[in-house]
Amino acid sequence: MLDQILNKIESDYQLSADELKLLLTLKEADEIKLLLEAAYKIKSNIIGKKVFYRGLIEISNICIKDCFYCGIRKSNSSVDRYLMKEDEILKSAEFAYKNNYGSIVLQSGERNDKQFVDFIERIIYKIKELSNEKLGITLSFGEQEEAVYKKWFEAGAHRYLLRIETSNENLYKKLHPLDHNYSKRKNCLKILKQAGYQVGTGIMIKLPFQTYDDLVNDILFFKEMDIDMIGMGPYIVSSNTPLAEENNYLIDEDVYTLSLKMIALVRIYLKDVNIASTTALQTLKTFGREMGLKAGANIIMPNVSETLYRSSYQLYDGKPCTDENAEDCVNCLESRILNIDEEIGYGEWGDSAHFKNKTRS
Ligand code: SAH
């Protein structure tokens, strides 16, 4: 049965939802290995043996949202709140530029006040300036008005990450307070696309109440929304959050293996999108991120934020590298990637092939 499906993958056949589920629920180690290898082969054929960097700058943990799973939710009073100063953000961006990272991601908790919106706009212009327009800029600042997305795009950002978190609206409701709205978030993905961004979304894996069918539907959702980039990772409990109390897990499987299977299936099903191997994977296993690359991912987001702030951007427990500085990461990462026989796309934007293919046709 597995052989038959894997043969179909090779011949460019679009898998059905049932076939996706069958692959997602594989249990035998040798079968899972075949699945991950099939995905890696597709990645190598379409993108080459190349990994692109996005230097991650976590500019602030101040947040107006109250997501039940997130360590920096508004109601978590045990968090030291910070906003990096302009010159600190620029310094981190410059570090990424000087080290030839090609692109950066600016991320923070959600804020939509004018002061914040203007601050980000100014930062984007300044980063473009300091890098002679060379550094690619991805934003991840949550849900915003259309005019704000447009303003930031005008300023020079060209990719945006907004995880839908789960494509099951009922599950979404269980994970968020009543005033957090699934349809609004979904609509933001459409607005972002219209504004011209390459759009990234993603989900958390093995959430309480989540089923295998939900995960299969997440993959179908990515396709239906014509998404360019995917960032998925395991849900990791964050103490001091309401969801930490919830033990109703419907999936009984190691989240690490499940996350690798999800990466592989997204690569197999969507083919030419960018897929991030996330830090949350590395939290679970020392070489988790490398394994993500071997399962079909092609993007890594090394942290270039000031070490000083890293421990305060604690979305979940046990986040790695919070005591390392960006310099440490450069050498450590390079050798990790060369070790798995992949190259680093230094100095390249590493845009989504899906986006390019779409705009070309
Ligand atoms: N405010 C921005 C960025 C949020 S943080 C936004 O709303 O898009 C980035 C991601 O961290 C979130 O989208 C979420 O998927 C992830 N995250 C938050 N808490 C987590 C947890 N406990 N385990 C794993 N991932 C988590």
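Each ligand, and each atom within it, is numbered from 1 in the order the structure gives. The figures that follow rest on heavy atoms only: side chains count, while hydrogens, waters and symmetry mates do not. Note that the numbering runs from 1 along the sequence shown for the chain.
At least one heavy atom of R185 sits less than 4.0 Å from an atom of ligand 1. Heavy-atom separations between G71 and ligand 1 are all 4.0 Å or longer.
When the shell of 6.0 Å around NZ of K128 is examined, it contains more than 12 heavy atoms from other residues, nucleotides or ligands. For NZ of K21, the number of neighbouring non-hydrogen atoms (other residues, nucleotides, ligands) closer than 6.0 Å is 12 at most.
Cluster membership check: V216 shares its hydrophobic cluster with Y13, using side-chain heavy-atom separations under 4.5 Å among Ile, Leu, Val, Met, Phe, Trp and Tyr. Under the 4.5 Å side-chain heavy-atom criterion for Ile, Leu, Val, Met, Phe, Trp and Tyr, L56 and Y313 are members of the same hydrophobic cluster.
The protein heavy atom nearest to atom 9 (C) of ligand 1 is Q107 NE2, 3.4 Å. For atom 14 (C) of ligand 1, the closest non-hydrogen atom on the protein side is E165 OE1, 3.4 Å. Among protein heavy atoms, atom 21 (C) of ligand 1 sits closest to I236 O, 3.4 Å. Residue, atom and distance of the protein heavy atom nearest to atom 24 (C) of ligand 1 are P234 O, 3.3 Å. Protein heavy atom nearest atom 11 (O) of ligand 1, with residue, atom name and distance: L315 CD1, 3.4 Å. For atom 25 (N) of ligand 1, the nearest protein heavy atom (residue, atom name, distance) is M204 SD, 3.5 Å. Nearest non-hydrogen protein atom to atom 2 (C) of ligand 1 is S108 O, 3.4 Å. For atom 19 (N) of ligand 1, the nearest protein heavy atom (residue, atom name, distance) is Y69 CD1, 3.5 Å.
Near G142, with a cut-off below 4.0 Å to any heavy atom, the atoms of ligand 1 are 2 (C), 6 (C), 7 (O), 8 (O). Heavy-atom contacts of R163 reach the following atoms of ligand 1: 13 (O), 14 (C), 15 (O), 16 (C) (cutoff under 4.0 Å). Heavy-atom proximity to E110, at under 4.0 Å, picks out these atoms of ligand 1: 1 (N).
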Q.
With salt bridge (Lys or Arg N to Asp or Glu O under 4.0 Å) as the criterion, how do D351 and R159 come out once you've worked through the C-alpha distance, each side chain's angles and the decisive distance to 0.1 Å?
A. CA-CA 9 Å; D351 278 339; R159 295 185 285 237; 2.6 Å; yes
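In this structure, W152 has its ring center closer than 6.0 angstrom to the ring center of F141. For an aromatic pair to be called close, the ring centres must be under 6.0 Å apart, and H176 with Y69 satisfies this.
The structure places CG of L281 at 7.0 Å from OH of Y256, a figure rounded to the nearest 0.5 Å.
Inspection of the E253 and Y212 side chains reveals an N or O donor paired with an N or O acceptor under 3.5 Å.
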